[in-house]
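Excluded from the calculations below are hydrogen atoms, water molecules and symmetry mates; all remaining heavy atoms, backbone and side chain alike, are included. Residue numbering restarts at 1 for every chain, and letters A, B, ... go by the order of the sequence lines.
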Amino acid sequence: MSEGALAGAMDIEDYLAQGGVLTSPANVPARYRGELLRLMASFVDSELAASAGFAASINFAPGIKERIAASRITLEKADHAERVLAVMAEFGTDTARYQRQHDWAARVARDADLGAVRTGGDMRLSVFHYPIDGWADAVVMNVLMGLATGVQMTELTRLSYAPLAEVFRGIAPREARHAALGVEGLERLVADQAGRAAAVAAVAYWRPRVAATFGVAGSARHGMLARFGLRHATNAELLARWQAMVAETLGPAGLN
Amino acid sequence: MSRFHPLKVTEVRRETRDAVVVTLAPREEDRALFDFMQGQYLTFRRAFDGEELRRSYSICAGRHEGVLKVGIKRVEGGAFSTWANENLAPGDEIEAMPPMGKFFTPVDPAAEKHYLGFAGGSGITPVLSIIKTVLADEPASRFTLVYANRAVGTIMFREELEDLKNTYLGRFSVIHVLETEAQEIDLFTGRVDAAKMKALFAGWIDPKSVDTAFICGPEPMMLAIAASLREHGLSEGQIKFELFASGQPGRAKAKPVSKADLAAGDATTATVTLDGTTRSFAMPRQGQSILDAVIGNALDAPYSCKAGVCSTCRCKVIEGEVEMLTNHALEDYEVRAGYVLSCQSFPLTDKVVVTFDE
């Protein structure tokens, strides 16, 4: 790093539009900073809410193996929140206050309809406001959301703020493991009649709510995020990819 | 909460006509804070005519050297780099934040890796730190450096790089690419662009042998090199960037305060710029934050915690006065420059002009 611009240096927004990468809080433009922090806050809030929601599911677990899986997901999602919060700290975020800011375990009524709108004071994805009401519910939610996170990770691991992209590249395989644990749980769940019925009901409940996390098609903000290199694919493309993966995963379990 | 600590200048060595290498020593009690990773940078601050300036410079020492050294190249019109080149002397004190940055990979003494580095001009400083560190601490790894400069006279650390070649025979090689001077091999003249990268990979460097690539230089060079590395099969995780220069916060000029505008009244005209568009609207003087008023007027301003903690909603007051109730995120110098957390700010004047774009 050094001062000022050399001959041949270019406008930072042109650089980003051409796929350039930024490396420190000192070289991000103001609007980029705002969108980057918004993106990080949404991830941190979602992971903390997911962890808090899953904590209760540990006691729904029917056996030790399931209990360990749920504990691991609870632990690692909190750890992922902490890693991204550390990147926010470099922009000035007071991390000690931030993590105490909200009741991450708070949930709305099971039959509330939030759509894709953020509610409450935090930036968690709307899906993390709904309560989990049993083991089958926890497993299905984790499978559907795990696949959605996998799709989102294809975007997050290549975003243009290098220190954050690197954190996401560390997180991605562990999030993928959470989804895989879910799929294993789902296979055991549908092995009997009662489990299958519960899984069918849970898929009907969670499928539209997880789909809503991909946001609206034709989002006005997408153009700017794409120019900044903070997004590549559109919401509609990501949603379609998730739908295909869901069909592929639920098909063998007879849940489509 | 000052994150700055004094460093004592122990040596200033002229490296080229317009670059110096400055050796710095922390106070005994700050020693652990300034323990650095190869490739990290220091952020300095200094007041020029009453205005605070912050600049980041990469450390050019290897970890095992046990000293802090930064390379500072003078930039035309750059107040800080000119001062460092012309006035800085042993015995001076300068304030710096502890080392930051992630332009490195973990060192593993058992590793047998091939690192590829690209440096443009003074972009060599962090790359040199990495080269020295991995050559010393990973005895089975090797490093290939492609180093772009305008002319021989402007090459920083030329002798030091030659010495490294001799010390680590067979493990370190340098390809100098000079923009304005013809060399024996045509390939080594001109700029490092897509065509040159292709030629380098065709005859000089086997892309399949590369574990990690480091790039530090001006933006167009970074773009060309990164694109070529991807084309030749390197994944995002294998390419490490350090953006050199540009976009750093400029002078923290204090905003002029006009007390005359601090009149009593119950409404304010707010003018807000976001994404290049400016809109004016009326808002109450009490009970509604600037952020809520902006969102209420269908402007999609960024925010998150709404509690003065995260700083996502930061904006800059251009005209008028606001009162910021809580601030856990902005530093004093940002506040002096006019930045506020819009979620915590309420208008005090008849007219308030803010921007989210600066």
May I ask you to test the B/E236-A/T157 pair for a side-chain heavy-atom distance under 4.5 Å? no

Any side-chain heavy-atom pair of B/K306 and A/M123 under 4.5 Å: no

A/D45 versus chain B, the contacting section by heavy-atom distance below 4.5 Å: side chain

Could you give the distance from OG (A/S24) to NZ (B/K102), rounded to the nearest 0.5 Å? 10.0 Å

Nearest heavy-atom pair of B/R230 and A/G19: which atoms, and what distance? NH2-O, 4.3 Å

Contact summary for B/L243 and A/T23, nearest pair of heavy atoms: N-OG1, 3.0 Å

Taking C-beta and beyond as the side chain, do B/M222 and A/Y15 meet within less than 4.5 Å on heavy atoms? yes

For residues A/Y98 and B/S304, determine if any side-chain heavy atom of one lies less than 4.5 Å from a side-chain heavy atom of the other. yes

Scored by heavy-atom pairs under 4.5 Å with chain B, the best of A/M40, A/M224, A/H102 is A/M224

How long is the gap from CG on B/L223 to CG on A/L16, to the nearest 0.5 Å? 9.0 Å

From A/E166 CD over to B/K240 NZ, what is the distance, rounded to the nearest 0.5 angstrom? 3.0 Å

Using only heavy-atom distances, determine whether the side chains of B/S311 and A/R33 contain a donor-acceptor pair under 3.5 Å. yes

A/I12 vs B/E219 side-chain heavy atoms within contact, under 4.5 Å: yes

What distance do A/L37 atom CG and B/Y303 atom OH have between them, rounded to the nearest 0.5 Å? 14.5 Å

Picking from B/A226, B/G308, B/A301, which has the most non-hydrogen pairs under 4.5 angstrom with chain A? B/A301

Main-chain N/O of B/C310 paired to A/T93 side chain as donor or acceptor, under 3.5 Å: yes

Of all the heavy-atom pairs spanning A/R38 and B/T312, show the shortest one and how long it is. N-CG2, 3.5 Å

Given heavy-atom pairs under 4.5 angstrom as the criterion, report whether the side chain, backbone, both or neither of A/R31 touches chain B. both

Checking heavy atoms, do the side chain of B/A227, its backbone, both or neither come under 4.5 Å from chain A? neither

Might you point out which heavy atoms bring B/D300 and A/R221 nearest each other, and give the distance in Å? OD2-NE, 2.8 Å

